[in-house]
K.L.:
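One structure is given below, represented as structure tokens, and several questions about it will come after.
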Amino acid sequence: MAKTPITVAKGDGIGPEIMNATLNIILAAGAQLDIEEIEIGEKVYLKGNDAGIEPSAWDSLLRTKVFLKAPITTPQGGGYKSLNVTTRKTLGLYANVRPSVSYHPFVDTKHPVMDVVIVRENEEDTYAGIEYRQTDHVYQCLKLISRPGSEKIVRYAFEYAKHYGRKKVTCFVKDNIMKMTDGIFHKVFDEIATEYPDIVADHWIVDIGSAKLADTPENFDVIVMPNLYGDILSDVAAQIAGSVGLAGSANIGDHCAMFEAIHGSAPRRAGQNLANPSGLLLGAVQMLVHIGQGDIASKVHNAWLKTLEDGIHTYDIFKEGVSSKKVSTSDFAEAIIARIGQMPTKLKAAQYQAGQIGWKLGATAKSDYKADKKLHGVDIYLSWTKGSANDLGAALSKIQAGTVALTGISNRGVKVSPGGLKETFCSDHWRCRYLASDNGVANHKHIIDLLSSFDNSGFEVIKTENLYSFDGEVAYSTL
Ligand code: NAD
């Protein structure tokens, strides 16, 4: 079999130890790999590269398109960009697939029956990383959710479920509050679910959904969610299954893929040959499936399951009375290598097909629809501390452009004028809504005229947001 080129980074902290263990195991099982090593992480950051990755490393990643990555340490202090976020966005890795499985009775868990796969959107949401300090009091982070981004990840989740014979896909969002951003994610979920009649589609508001996931994970199968909820809940899912040290993850795009453990570089455990390499190993198993070496993936996965069953455990999952031997990282790897070819006797054996193309499903978004878009007005944001909400309302009601006039003011999302309560706390951050009368149409000249009047009246405008309708549907939240 021809060797598949892959790019490997050994990372920081426990990274080199768990990567060496992982590579030793998969190569011993017969993985056919042509390994290119790149350097990423702390040393690169400290050399002055704010992304933690050298430009030359991208050449390797773009050539091999497959990245097996150990965790890295992001140095403390400002100015360093998250390497993970950069890699995911640069390579278009839109789907983060995180299986969390419990290995009862061999690994201690409160949830003996758990086999959940979280499919996390990987590029959008608050992870666009667009943040501003706008006033003395207020900081802002933009949450961006797109229809194409939602279509890609939701379709991916259903395709994943179909491919792996899963029965149910659940969507977690908070669209009772974020009616537009989480709302479009939910809407797309409902639309795409109709194309998969054999898979049950289910939905929970993320707060109660999370509580149910933590309480009765056996009721969940595949869960799809936007980036931030997925980030948090995939750690929760891994931890309640047994340990964050046991979960691997795949980051999949249409052209490239990255495989890793979900945990970090655990600097306090570094250099002691103690860490559990299982998360990275299971990431590598996902990689082997992805590159068409499913038979090797099965061998590795089953030898690992047999090792767990035999009670040979690293410190993090070792438990007196359950485990038989506490081992180091390298001894754990040796124990797995010694079991290559063996099958687990109680835990469910892995069975990946040789040549299976894994999760490279070529999901495509279909969002080419163009709506009838009308401008109705503008929200003008001010930094202002010179009086009460009613004082501001009185001053701003004198400013108008054509029929575009003040309809109200809010402060941190609470309407404070007209008709505000004096009990409401007001920060220095005001949203002033100007709309064309009778739902009429505004134009950009109106906005420029308003801004000019604000400036002439001595108001400090910190941002504006245009107010549109799309196909007659109001496309901004109420004041
Ligand atoms: P961490 O995941 O490194 O450690 C959290 C806890 O889990 C620690 O108690 C640690 O001892 C334990 N742990 C983690 N992996 C383990 C393993 N394989 N075996 C045994 N125990 C394990 O999280 P942290 O301490 O918040 O972060 C440390 C560093 O890792 C930070 O610099 C952070 O930025 C980075 N980080 C990197 C990634 C990544 O590269 N993908 C992900 C998360 C955090």
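Remember, it's 1-based here, ligands and their atoms both numbered in the order they're listed. What you see below is based on every heavy atom in this structure, not just the backbone, and it leaves out hydrogens, waters and symmetry mates.
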K.L.:
Who's touching ligand 1 if we go heavy atoms under 4.0 Å?
P.N.:
I14, K69, P71, I72, T73, T74, N84, E260, H263, G264, S265, A266, P267, R269, A275, N276, Y315, D316

K.L.:
Any idea how Y94 and Y156 line up, ring-wise: parallel (<30°), tilted (30 to 60°), or perpendicular (>60°)?
P.N.:
perpendicular

K.L.:
For A475 and F470, work out which heavy atoms get closest and say how close.
P.N.:
CB-CD1, 3.5 Å

K.L.:
State whether the side chain of D379 and the backbone N or O of E465 hold a donor-acceptor pair below 3.5 Å, judged by distance alone.
P.N.:
no

K.L.:
Once side chain to side chain donor-acceptor pair (under 3.5 Å) is applied, do any residues pair with D207, and if so which ones, sequence neighbours excluded?
P.N.:
K174

K.L.:
I'd like to know if the side chain of R133 and the backbone of T135 have a donor-acceptor N/O pair within less than 3.5 Å.
P.N.:
yes

K.L.:
Given 3.5 Å as the limit, does a donor-acceptor pair link the side chain of D125 with the main chain of N227, or not?
P.N.:
yes

